[in-house]
Protein chains: 2
Amino acid sequence: MADIDSESGRSTPRKRADARRNEATLLDAAAAAFVTSGVDAPVRDIAARAGVGVGTIYRHFPTRADLIVAVYRHQVEACAEAGPALLADSGTPHAALAQWIDLFVDFLVTKHGLAEALQSDNAAFETLHAYFLDRLVPACAHLLDAAAAAGEIRPDVTAFELLRGVGNLCIGAGEPRYDARRMVEILVAGLRQHHQGTGPR
Amino acid sequence: MADIDSESGRSTPRKRADARRNEATLLDAAAAAFVTSGVDAPVRDIAARAGVGVGTIYRHFPTRADLIVAVYRHQVEACAEAGPALLADSGTPHAALAQWIDLFVDFLVTKHGLAEALQSDNAAFETLHAYFLDRLVPACAHLLDAAAAAGEIRPDVTAFELLRGVGNLCIGAGEPRYDARRMVEILVAGLRQHHQGTGPR
DNA sequence: GAACAATCCGGAACAGTGTTCCGTTTGCCA
DNA sequence: TGGCAAACGGAACACTGTTCCGGATTGTTC
């Protein structure tokens, strides 16, 4: 015996029904609050939306970053895993990189406040920052290395730096006079290394 | 210089001596607090440093932005006015633009938190944002237009956008793994337009 | 089905911001 | 010197995030 209701993974000793219910409700409420007020939506608002007390939020998600991660985990995973496919399907590594960055930008600009939060020096967001880095830096590095190996881009830029730069450029996207996408496009263009030896003609 | 209340317009009936003294003290205290804790230094800290009450700060500088502007006005002016000189002295408009951007970056990265504050959607910083735009957008536009007219850069980028992008890239400068200067350099490089029609010779 | 213990919940309470307000002090001028 | 408008100080307010614990809820066991 020895196994106390361990189902191969024993991931969770099984939570109480109301706890699981509340967690789901909370995720929905948070997602809704995030589209309305951005990721900085006051804790009390989210709690009210979900019809629970603030204590319940902190029990399920000790830090705000945990909540954000839980809400967006699927999309981040999808982005991280899209890298290899793009590299295989695109003509050149640089094209694949550009497309991947586009995916990343798509994700960031549709969640207002996310880019800001990622770069915020607020200690509460450190976990969020770490999560993004863990998942996306390797994916980006893969593409970056391929492009660098092909001699298409300058080789002195790290994946971390690029992601950070792109993330920064996405701050304030949504404002009428600032086109974050174009700025990212310019940045990616600036990455290119123009080898004059093998130029046209 | 040294005319704190330049009453060439006699708009102010002359302030009381202690008021003028406190204003100067406050500027010093704020400047000191800014280098220590960034532009987000708590109001109470600045007040304590200056040995005054918080009310005194708000009387002299209704919003935090007013305080920041007062502290950094000279440097911003200098940056704004450096444009024409650079344009005259540099070989090409693009070189002048790059140098000017460098000046701007210098200013931003040495004041930690300034870049963040500029892009913050906090209503209190709107005046600061407006001030920066008023002074620097025209200066940048001048250089940008010259470079565009010379066909050196793509013509579809506005001064506002460029400044905003550069400002954004400077967020988080000072961190070990992120070189804001290099990112800005890449962005400026991406601006270039490689005219194949009018090539050399 | 009833008692019971572990779990979970709600929201009051705390701590740290910015901002306002008003009784008191201070400098200036007649 | 006397008076008063200007300026001051800091308590008080509003709004954050975060912690804590008495009490309700759930699942289990007899």
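Letters A, B, ... mirror the listed sequences (proteins, then strands); counts begin at 1. Keep in mind the model is a prediction, meaning the values are calculated, not measured.
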Novice: Short question: side chain of T36(B), backbone of A32(B) - any donor-acceptor pair under 3.5 Å?
Specialist: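 Answer holds: yes.
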Novice: Could you tell me from which nucleotide to which nucleotide of DNA chain C, 5' to 3', there is an atom under 4.0 Å from chain A heavy atoms?
Specialist: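 Reading along DNA chain C, I get dA6(C) to dA13(C).
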Novice: Closer than 4.0 angstrom, basic N to acidic O: yes or no for R154(A) and E185(B)?
Specialist: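 Counted as a salt bridge, because a side-chain N and a carboxylate O are separated by less than 4.0 Å.
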Novice: Rounding to a whole Å, what distance do you find between R44(A):CZ and dA14(D):P?
Specialist: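 Spelled out: CZ on R44(A) to P on dA14(D) is 14 Å.
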Novice: Without decimals, in angstroms, what is the distance between Y58(B) OH and dA14(D) P?
Specialist: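 After rounding, the gap between these two atoms is 16 Å.
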Novice: Between atom CG in L128(A) and atom P in dG17(D), what is the gap in whole Å?
Specialist: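 Rounded to whole Å, this separation is 16 Å.
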Novice: Look only at the side chain of E152(A) and the backbone of H94(A), and say whether a donor-acceptor pair between them is shorter than 3.5 Å.
Specialist: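 Such a contact is found between E152(A) side chain and H94(A) backbone.
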Novice: Tell me if the side-chain of R64(A) makes a donor-acceptor pair with the base of dG17(D), cut-off 3.5 Å, by modelled atom types.
Specialist: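 By the distance-only test, no, there is no pair.
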Novice: To the nearest Å, give me how far apart CG (D40(A)) and P (dT16(D)) are.
Specialist: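 Result: 11 Å.
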Novice: How many whole angstroms separate atom CD1 of I46(A) from atom P of dC15(D)?
Specialist: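 I46(A) atom CD1 is separated from dC15(D) atom P by 18 Å.
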Novice: Has the side chain of R16(B) got a donor or acceptor that lies under 3.5 Å from a partner of the other kind on the base of dA6(D)?
Specialist: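 Indeed there is one.
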Novice: Taking side-chain contact (heavy atoms from CB on, under 4.5 Å) as the test, write out the residues that go with L103(B), two or more places apart.
Specialist: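 side-chain contact (heavy atoms from CB on, under 4.5 Å) list for L103(B), sorted by chain: C79(B), A82(B), L86(B).
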Novice: On DNA chain C, compare the nucleotides closest to R21(B) and D18(A); which residue's is nearer the 5' end?
Specialist: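 Of the two residues, D18(A) wins.
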Novice: Tell me whether Y178(B) contacts the main-chain N or O of L169(B) through its side chain, where contact means a donor paired with an acceptor under 3.5 Å.
Specialist: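 Checking the backbone N and O of L169(B) against the side chain of Y178(B), a donor-acceptor pair under 3.5 Å is found.
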Novice: Take the protein atom CD1 of I57(B) and the nucleotide atom P of dG9(D), then report the distance between them rounded to whole Å.
Specialist: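 Result: 10 Å.
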Novice: Regarding R177(A) and E161(B), does a basic nitrogen lie under 4.0 Å from an acidic carboxylate oxygen?
Specialist: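 Looking at R177(A) and E161(B), the cut-off is not met.
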